[in-house]
Amino acid sequence: MVDIAELKKLFDEYIASCDLEKSREIWERQSAKFRDFWKNKIMDGTGDLTEEVMSPIIMILDSQAKGIKGSGVEPVCKPMGITQNRWYRLIRDIKNDNLLKGLLDKLFNTISEKEQIKKINEIYESYHNPLTGKTGSILNDLLFAYNPLENLSVVSLNHRFMIIEAFELGNVTELQKLSFGEQVIQSRNLILSLKSKLGLSISNRIFSKAFYRANPKAEPIHAIWYSKKEDASPKERKRKDSKQGTAKNGGDAQLSLEIEEDDAPIEIDLKDKRVYSDKGDPSIYELARQNKRGNLKLDPEFQRFYIWDDITASRLIESIFLEVPIPIIYLAEEQGETYSVIDGQQRLKSLFRFLDNELELTGLQIFKELNSKKFQNLSAKLQNEFENYTIRVIKIEKQSHPAVKFEIFERLNRGSFKLNDQELRNCIYRGKYNSLLKDLAEDKDFMFLLGLTEPHNRMFDRELVLRFLSFYHNTYLNYVPPMKQFFNLDMEKYRDLTPEHEKELRVVFKKSVQLTKTVFGRNAFKRFMPGTEKDLNGLWEERRINQALCDVIMFGFTKYAQNQVVPLADAIREELIWLMTHDQEFIDSILISTSSREKVYTRFEKWIHSLKEVLGAPNREGRNFSISLKEQLFKANSTCAIPSCNQRILTVDDSEVDHIEFYWRGGKTVASNARLVHRYCNRARGGRE
């Protein structure tokens, strides 16, 4: 229970430490500058949006903006996951999109909350990524910059929900069921209600800052709500995590991931943006026939649970007899003319259960005379009506671009049990690679590292395996955000991997897992947090897995043999602890904007350098291909594979076998990565063509 008197005292102490007049002057000036920019550069469209023009505006929006130090600017916030270049691209995109900037302008200038909600929902549906994103941070950032008198600079919906819950301002569970626009506006109003409840006559900016640590006097207020994510003191955090760490059954309580913001837009060529689909109206009988023939897969692994009760299923059957239209069924085309159910599994299973006499109708309110009856007990007339009833089906064909398909499935995924990215991948990219992820995630040593007693029921463990294999395949040098697409592309590319490749991946994964267990044990993939002035004792995060740490640790061990690592396990462990407590760049790279290209590069480079300091150079695989492979390639096709040459190689001695994917960028010395070239051509190109 929140003690209002005690809370009022904390706010009064915090407010007494603030320069209220200075804050008012800053935001009068900055919001006027932002509104002027919006009117004259975005809405009127005069002048080019050069870096010089946009930089002062980005400084107002983002505390990580270039040139902000010493500028006298007070930024709204530090919106996670958006880089300097993304700000420039986003602002230019807004200017060039008349519909979007029109919606934003109406949103900025309307005082009707109903209209605000409507405009936000329109923006959300059409521009979900990156403008609104999962947390609404960018949109709320812009709203505050335009009108700091009405809005909050607590921009993240995640943070707002935590504040609402901690200060008992409303029902977060019910709030999260509302539309995105309602969540944005109502969360703002609920938090501002605390300001009224405490009788505070301060600006929304000063009030918003009370929830963060920028001012030491705000620390006690921050600790009240942020303890929901990370307890106020290391000792308290350790006690809480110790209790939570005993959870069983592979549930969410047993494996918690530190949140990784990844709202970067997925880049797709214009030619690939078309969605290939087919519409049809098959009968229930035809759908059941396709299901029995194995052409319709009702149980993609990600949605293996049938959760409807008999009353819900029975009322669907009743709707058919009432000739009420059934919602559209969405299918995804797989290999071999088969289809997986993306949306509509519960409906189809209910229909097929009834057709197979596995469902006895119950709870019917109109056709009450049919209660307690199965399909076989119906009259021939009703049986025919049921079997011949047609349902609208939309099939997403396999030639649709994988990234577009993923986006479609995300938008369909609006139910009460929302699927996460990995559960969606299990539908879209089913195949040998996906099966391998499942097998590797069930490795006993890997489960030990994650603190699992059985596979995770939301597939977080499989996504960690995919992260490792994606960086193993591509290396961090080839990483291009967003992280989601990076993983999607890897699953698409290796969907039907060969037995040889599968064996290679199993070996390298097992080696990295075993070395990780040897060096870090139960502390693998978890942060070490140093003590504070109040509590000098540091401690390991006991429960939450840091995905960024998982990436670098597992990848680093792919480079070394067991006999190199084991004798120096203690030194390696100490090296990582040092990085996590002394190297601020490394710390930031595993905590802030972790999916940005810069942060990914930083953490991999620093850890690989640290391993070299401890272990020396890794025992790398040989970079030379065998003579027998060269002779095999020469016999198959003696044409030089370098495009600028493309001429016949006269003798095998005048040929070399070259890496298709450069060795220096992580390309493997395997037959699938080999090509035959002239010796001269290979030398002349310098290994970089």
Side-chain angles (χ1 to χ4, degrees), residues 125 174 177-179 275 277-334 337-397 408-419 423-424 427:
E125 291 302 323
E174 292 302 314
K177 293 178 181 178
L178 301 177
S179 70
V275 179
S277 63
D278 183 30
K279 301 179 182 68
D281 297 295
S283 67
I284 292 175
Y285 180 83
E286 175 60 20
L287 288 169
R289 188 176 73 88
Q290 292 299 326
N291 180 51
K292 289 182 177 179
R293 294 183 64 178
N295 297 332
L296 185 62
K297 298 184 179 180
L298 288 177
D299 292 301
E301 200 172 326
F302 78 94
Q303 49 173 212
R304 57 187 176 275
F305 305 114
Y306 178 71
I307 60 175
W308 276 18
D309 58 31
D310 286 352
I311 292 178
T312 304
S314 296
R315 288 179 178 171
L316 175 72
I317 309 303
E318 186 178 42
S319 296
I320 290 173
F321 292 136
L322 290 169
E323 298 185 8
V324 175
I326 302 299
I328 296 171
I329 303 291
Y330 288 87
L331 309 177
E333 185 180 12
E334 305 290 351
E337 301 300 318
T338 62
Y339 291 86
S340 291
V341 179
I342 301 307
D343 192 59
Q345 181 217 40
Q346 303 295 315
R347 278 166 274 152
L348 287 174
K349 277 198 169 184
S350 298
L351 297 176
F352 298 161
R353 282 183 64 211
F354 183 61
L355 195 59
D356 292 337
N357 297 302
E358 296 174 1
L359 172 65
E360 185 177 278
L361 297 178
T362 182
L364 302 187
Q365 297 175 330
I366 299 177
F367 283 87
K368 294 180 180 179
E369 68 275 14
L370 298 183
N371 280 325
S372 301
K373 291 191 176 183
K374 295 182 178 180
F375 179 78
Q376 63 189 8
N377 306 127
L378 299 180
S379 66
K381 178 177 180 295
L382 285 179
Q383 287 182 350
N384 286 332
E385 284 182 14
F386 181 80
E387 289 182 331
N388 294 329
Y389 183 90
T390 59
I391 299 175
R392 171 53 59 96
V393 172
I394 294 181
K395 302 173 182 178
I396 309 299
E397 298 178 359
I408 292 169
F409 301 155
E410 274 195 309
R411 295 186 184 204
L412 292 175
N413 180 28
R414 302 287 191 192
S416 58
F417 185 75
K418 184 176 180 180
L419 305 175
E423 289 168 323
L424 284 170
C427 166

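The main-chain N or O of Ser283 is never found under 3.5 Å from a side-chain atom of Glu387 such that the two would form a donor-acceptor pair. The closest donor-acceptor contact from the side chain of Asn377 to the backbone of Lys374 lies under 3.5 Å. For Arg347 (side chain) and Ile328 (main-chain N/O), a donor-acceptor pair under 3.5 Å exists by modelled atom type. No donor-acceptor distance shorter than 3.5 angstrom exists from the side chain of Asn295 to the backbone of Tyr339, with no hydrogens or angles considered.
Residues Arg353 and Asp310 meet the side-chain proximity criterion, which asks for heavy atoms closer than 4.5 Å. Side-chain contact between Leu348 and Asn291 is absent, with no heavy-atom pair separated by less than 4.5 Å. Residues Ile326 and Leu351 form no side-chain contact, since every pair of their non-hydrogen atoms from C-beta on lies 4.5 Å or further apart. A 4.5 Å side-chain heavy-atom check between Lys292 and Asp356 finds at least one atom pair inside the cut-off. Within the 4.5 Å cutoff, side-chain heavy atoms of Ile320 are placed close to those of Ile284. Residues Leu287 and Ile329 are not in side-chain contact: their nearest non-hydrogen atoms beyond the backbone lie 4.5 Å or more apart.
When all heavy atoms of Arg392 and Asp281 are compared, the pair lying nearest together is NE-OD1, 2.8 Å. Residues Ser314 and Leu359 come closest through the heavy atom pair OG-CD1, 4.2 Å. The heavy-atom pair separating Ile366 from Glu318 by the smallest distance is N-OE2, 2.8 Å.
Note: Phe354 and Phe321 have perpendicular aromatic rings, judged against thresholds of 30 and 60 degrees for the angle between ring planes.
The CZ atom of Phe375 sits 10.0 Å away from atom CD1 of Ile317, with the distance rounded to the nearest 0.5 Å. In this structure, the separation between CZ on Arg289 and CG on Leu355 is 13.0 Å, given to the nearest 0.5 Å. A distance of 8.5 Å separates CZ of Arg315 from OG1 of Thr362, quoted to the nearest 0.5 Å.
Using a 4.0 Å cut-off between a side-chain N of Lys or Arg and a carboxylate O of Asp or Glu, Glu174 and Lys177 qualify as a salt bridge.
Within a 6.0 Å sphere centred on CD of Glu323, heavy atoms belonging to other residues, nucleotides or ligands number 12 at most. The local environment of OH in Tyr285 is sparse, with at most 12 non-hydrogen atoms from other residues, nucleotides or ligands closer than 6.0 Å.
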